[in-house]
Amino acid sequence: MDRDEEKGHGDRSLLFIGDEDDDLGVDRDGGSPPSSDAGSSFSDRSDGGGDGDGADDGTGTGSGSGSDDDADADGDKERAPNVARQQAAWPQSYRQSIDMLSAVQSPSVTSIMAASPSITKFGSSFLKAGSSFFLKKGATEGSLPLTRPLLPPSLSQLSQQQQQQPAGRPSTDSLQPRPPAPQPPAVQQRPSAACLKSNYIELPLPSSKCSSGQSIINGLNVLCGVGILTTCFGIKQAGWLSLLLLPLLGACSCYTGLLLKRCIDSSPTIETYPDIGRAAFGIPGRVFVSVVLYLELYACCVEYITLLGDSLSSVFPSAHLAFTGIYLNSHNLFAISMALAILPSVWLRNLSLLSYLSAGGVVATITVVVCLFWVGIGDGVGFHPSGSALNLTHLPLALGLYGYCFSGHSVFPNIYSSMKERSQFPFVLLFCFIVVTIVYSGVAATGFLMFGESTMSQFTLNMPQQYVPSKIAIWMTIVNPYTKYALTMTPVALSIEEALPKMMRNYVAGMCVRTALVLSTVVVALSFPYFALVMALLGSVFTMLVALILPCACYLSIKRELVPLWEVVLCITIILIGLGCAFVGSYTSINQMIGGS
């Protein structure tokens, strides 16, 4: 048996993956796969001891092969610790779990196509885009069942397909044909898929081969969130001139998104934000970036609980519960009851079901915006200019609210890594930021013109309940956090479960971890029931750190002397702006929360 195969060496693993699908060899700029000559030389380099094994076939003799074996063995010993450390670096579940947050719109279209043969006829190429990457060339279209149309195939599906495929295929290199590639063992997986070995949870493989249009949809889905509800409240706090912060923060965030792309291009081993942190600052950098990203997701779940309590209490203001001396008002009652309703979705074993739920959140956001304009234009509320030009006292609060609107950098590396034509990423990023900046500015101005100084932390709470669009907007606001909560909490839960001792990695322990996380978000949400202030704190701390400070710091650390002087000055300026905004904004938000305002 080949020694590399017996050891499950990392280089051999990459070779087997490349043999199964040449599309993995596509370069980062959307180029063509590597030539057969390059693949042959890599095979020869990985199979340094192949001549020594030739004695089994009666063709290998000589001491030279033995010396090659010794040299290759020494190289294996030197490379093995690095591969082991890379595979053991926490977290390994980041890529798969974060992909579910970004790629939720195309699956809904796919399911519609699968349900209608007439649409499928026109959309067959679109259906293939998400599955052909994981299937061997020449496989039939029906090899991927439509029972789970929303996510890429799981490992169990891939293993069944590989068992039905031949072990090898003829080489295209006529000068030196390679022997048939043996079936890759279970341990020969990509490091990012190491967490998928668990027997109690099923994660999709990383999404890939997305078109530019699909990447735009994914980017808009990440950037368009519940932050849109508080933009008009930002005008109330800081005045009309505070709207200038939206394009300013949008431009800085778009530039730092391009810096993340350059960091990924610097090494083929970088695919995610934690990978960038490791390339810049080693293992501590990877852990720090991961902790910050997971804390941001956890805080978003806290905001979802607060939003659910506020929205339902506006619909049923007289609801309350008094039992054995315990009194719950409408906000607390609905926050607890909705958390209990969300809990089963967090327990799901088959995580592909979550993408069905997330598709409703996209529709909910669009519906709420449409209903706002509908009430202002068609239902007699009208527009009433008011407000101050600028209020410096509350400007830091508005800065945090506006900054939260651009908190999508944790997913941008995943979107870039999954693009089919990666050279189009700057256009995709620019288009997304222009669209969301216009939408946020329009909603902010419209909402404040409608409600003026009476604008609440969520404009849906100001919409008159007697109008049908208002009722639709309220219920869509309830649906949105309900559908996104499980997807947002799943990466946090997986990171904790991944850090548990091996004997505790089972379904029961996973349910306990997820239950504890959900209950903790309820406790935090009830302790700080200030939707706008908590959002401003998130925007001031996490968004400034993830979207402004860390991209510039990682870029300067990775590129070092290759960065021109003007860009060094620009990056340092953005870092200082981010630090200043984080300090002032967080101080203002915390001070107002302590004051109970």
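- Annotation: side chain of T460 is in contact with side chain of L229 (closest heavy-atom distance under 4.5 Å).
- Judged purely by atom type and a 3.5 angstrom limit, N591 has no side-chain atom pairing as donor or acceptor with the backbone of T588.
- Looking only at side-chain heavy atoms (C-beta outward), Y467 and V381 come within less than 4.5 Å of each other.
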Carefully, step by step, assess E567 and R262 under the rule salt bridge (charged side-chain N to carboxylate O under 4.0 Å, His left out).
CA-CA 13 Å; E567 199 166 22; R262 297 178 187 175; 2.4 Å; yes
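- Counting heavy atoms from C-beta outward, L526 and T306 have side chains that stay 4.5 Å or more apart.
- Rounded to the nearest 0.5 angstrom, Y485 OH and L308 CG are separated by 9.5 Å.
- Of the inter-residue distances, the one linking I415 atom CD1 with K261 atom NZ reads 14.5 Å to the nearest 0.5 angstrom.
- Side chain of H331 to backbone of N329: no donor-acceptor contact under 3.5 angstrom is found.
- Here the side chain of R514 pairs a donor or acceptor atom with the backbone of V346 at under 3.5 angstrom.
- Here the shortest heavy-atom pairing between V375 and P469 reads CG2-CB, 3.7 Å.
- Note: L545 CG to S407 OG = 12.5 Å, rounded to the nearest 0.5 Å.
- Judged by distance alone, the side chain of T230 and the main-chain N or O of G227 form a donor-acceptor pair under 3.5 Å.
- More than 12 heavy atoms of other shown residues, nucleotides or ligands fall within 6.0 angstrom of atom OH in Y298.
- Checking side-chain atoms of S211 against main-chain N and O of Q214 turns up a donor-acceptor pair under 3.5 Å.
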Donor-acceptor contacts, no H, no angles, side chain residues 447-459, under 3.5 Å, sequence neighbours left out:
| unit_1 | atom_1 | unit_2 | atom_2 | d |
| --- | --- | --- | --- | --- |
| S454 | OG | F451 | O | 2.6 |
| T455 | OG1 | G452 | O | 2.6 |
| Q458 | NE2 | D310 | OD2 | 2.9 |

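- Here the closest non-hydrogen pair linking G257 and F425 is O-CE2, 3.9 Å.
- Other residues, nucleotides and ligands place no more than 12 heavy atoms under 6.0 Å from the CZ atom of F583.
- A 6.0 Å sphere centred on OH of Y327 holds more than 12 heavy atoms belonging to other residues, nucleotides or ligands.
- Counting all heavy atoms, side chain and backbone alike, V546 lies closest to S410 at CG1-N, 4.2 Å.
- Within the structure, no pair that satisfies the ring-ring contact (aromatic ring centres under 6.0 Å, His included) test touches residues 385-404, not counting sequence neighbours.
- Closest approach of G250 and F433 over heavy atoms only: O-CD2, 3.7 Å.
- Nearest approach of N221 to K484, heavy atoms of both residues: O-NZ, 4.3 Å.
- Across P91 and S290, no two heavy atoms sit closer than the pair CD-OG, 3.0 Å.
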Under the side-chain contact (heavy atoms from CB on, under 4.5 Å) rule, what do L259 and C571 come out as? Steps first, then yes or no, please.
CA-CA 10 Å; L259 294 185; C571 289; 3.9 Å; yes
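- Side-chain N/O atoms of Y416 and E271 include no donor and acceptor closer than 3.5 Å.
- In this structure, the side chains of T446 and C232 stay at 4.5 Å or more apart for every pair of heavy atoms.
- Panel note: side chain S589, backbone S586; no donor-acceptor pair is recorded below 3.5 Å.
- Between the S540 side chain and the L537 main chain, no donor and acceptor come within less than 3.5 Å of each other.
- Side-chain contact check for N332 versus H320: every heavy-atom pair is 4.5 Å or farther apart.
- Checked by atom type and distance alone, the side chain of T256 pairs as donor or acceptor with a backbone atom of S253 at under 3.5 Å.
- Between V302 and F528 there is no side-chain heavy-atom pair separated by less than 4.5 Å.
- Here L241 contributes atom CG and S388 contributes atom OG; the two are 8.5 Å apart, rounded to the nearest 0.5 Å.
- Looking at L570 and I574, their side chains come closer than 4.5 Å, going by heavy atoms from C-beta outward.
- A side-chain donor-acceptor contact under 3.5 Å links S314 to the backbone of S311.
- In this structure, W374 contributes its side chain and V468 its backbone to no donor-acceptor pair below 3.5 Å.
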